[in-house]
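Taking it in order: structure first as structure tokens, then the write-up.
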Amino acid sequence: MGEYQRVKHTFEPVWNRQSEILILGTFPSVKSRENHFYYGHPQNRFWKLIAGIFQEPVPDTTEEKKELILRHRLALWDVIDECDIAGSADSSIRNVVASDIAGLLTRSGIHTIIANGARAYELYQKHQLPQTGIQAYKLPSTSPANAAWSFQRLQEAWSAVLITE
């Protein structure tokens, strides 16, 4: 798993005043921290999934990814602003400082929150729900570590929330 490091989130949430659905991860992976943007690991299925749901090309650049998110009234952020973590393992996260999600909600039109995976959901429930009062949808993680979920099953689960909202 590697050595624990104290790490602070270094990039901003993606949102605008038209955003209605906030998708939350736990904390950026090593690859995402290197790329300074969300879901940076090449094996993570997030960008392919979102593009597929909305029948758009898979974005390549950070700017294209931001445009895809905002065009569909989505927002992206992570539950955690700072923590101790070993590598990219969500299971190793400890000593959490939560992101100010409640503050973001007051500045936006966000009314629905999606947790990308069980750990994001658990951390949201513990650190965010008391401030936001909005129950999150727990959706299967797009991480390559979640091999039990095929891409088709992921797409069906995520579409049920993203398309009906």
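Treat the numbers as computed from the prediction; the structure is a model and nothing was measured. When reading the values below, keep in mind they use all heavy atoms of this one structure, side chains included, and skip hydrogens, waters and symmetry mates.
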Arg153/Glu156 salt bridge by N-O under 4.0 Å criterion = no

Please check if Leu104 and Ile69 belong to a single hydrophobic cluster, counting links between Ile, Leu, Val, Met, Phe, Trp and Tyr side chain heavy atoms closer than 4.5 Å.
-> yes

Run through Ile113, Ile110, Leu74 and flag the one making a side-chain contact (heavy atoms from CB on, under 4.5 Å) with Ile21.
-> Leu74

Can Leu68 and Ile50 be said to form a side-chain contact (heavy atoms from CB on, under 4.5 Å), step by step?
-> CA-CA 8 Å; Leu68 174 65; Ile50 297 299; 3.7 Å; yes

Is the backbone N or O of Gly40 less than 3.5 Å from a side-chain atom of Asn35, with the two atoms forming a donor-acceptor pair by type?
-> yes

Any salt bridge between Glu56 and Arg71, counting N to O under 4.0 Å?
-> yes

Do you reckon Leu76 sits in the same ILVMFWY cluster as Val161, going by side-chain contacts under 4.5 Å, direct or chained?
-> yes

Criterion side-chain contact (heavy atoms from CB on, under 4.5 Å) on Ile93 and Cys83, from CA distance to verdict = CA-CA 6 Å; Ile93 292 172; Cys83 66; 4.0 Å; yes

Step by step, would you call Ile85 with Arg33 a side-chain contact (heavy atoms from CB on, under 4.5 Å)?
-> CA-CA 13 Å; Ile85 189 169; Arg33 294 191 305 260; 4.3 Å; yes

Give the C-alpha distance, both sets of side-chain angles, the deciding distance and a yes or no for side-chain contact (heavy atoms from CB on, under 4.5 Å) between Ile53 and His72.
-> CA-CA 11 Å; Ile53 289 170; His72 295 286; over 6 Å; no

Say you draw a straight line from OG of Ser19 to CZ of Arg107; how long is it, rounded to the nearest 0.5 Å?
-> 11.5 Å

What distance separates Ser32 OG from Phe46 CZ, expressed to the nearest 0.5 Å?
-> 10.5 Å

Spell out, as yes or no, whether a donor-acceptor pair under 3.5 Å connects the side chain of Asn146 to the backbone of Ser141.
-> yes

According to the interplanar angle, ranging from 0 to 90°, do the rings of Phe27 and His9 count as parallel (below 30°), tilted (30 to 60°) or perpendicular (above 60°)?
-> perpendicular

Can you pull the side-chain hydrogen bond (donor to acceptor under 3.5 Å, both in side chains) pairs that have at least one residue in residues 40-50, sequence neighbours excluded?
-> Asn44-Thr142

So, for His36 and Phe11, is the gap between ring centers shorter than 6.0 Å?
-> no

Is it the case that one hydrophobic cluster holds both Leu49 and Phe54, taking links as side-chain heavy atoms less than 4.5 Å apart, direct or via other members?
-> yes

Around atom CZ of Arg6, are there more than 12 heavy atoms of other residues, nucleotides or ligands at under 6.0 Å?
-> yes

Taking C-beta and beyond as the side chain, do Lys65 and Thr61 meet within less than 4.5 Å on heavy atoms?
-> no

Transitively linked via ILVMFWY side-chain contacts under 4.5 Å: Val79 with Ile134?
-> yes

Is it true that Trp149 and Phe151 fall in one hydrophobic cluster, defined by side-chain heavy atoms closer than 4.5 Å?
-> yes

Ring-ring centroid check Tyr137 Tyr121, cutoff 6.0 Å = no

CD of Gln135 to OG1 of Thr132, rounded to nearest 0.5 Å, is 8.5 Å

About how many Å separate CD1 of Ile23 and CD1 of Ile114, when rounded to the nearest 0.5 Å?
-> 5.0 Å

The reported gap from CZ in Arg119 to OG1 in Thr26 (rounded to nearest 0.5 angstrom) is 8.0 Å

Without hydrogens or angle criteria, can the side chains of Asp78 and Tyr38 be said to hold a donor-acceptor pair below 3.5 Å?
-> no

Heavy-atom distance under 4.5 Å between the side chains of Trp158 and Pro140, does that happen here?
-> yes

At their closest point, which heavy atom of Asp60 faces which heavy atom of Glu64, and how far apart are they?
-> N-OE1, 2.7 Å

Do the side chain of Ser99 and the main chain of Ile101 share a donor and acceptor less than 3.5 angstrom apart?
-> no

For the pair Tyr4 (side chain) and Ser92 (backbone), establish whether a donor and an acceptor sit closer than 3.5 Å, ignoring hydrogens and angles.
-> yes

Over 12 non-hydrogen atoms of neighbours within 6.0 angstrom of NZ in Lys126 | no

One should read off an interatomic distance between Ile163 CD1 and Gln155 CD, to the nearest 0.5 angstrom, of 9.0 Å

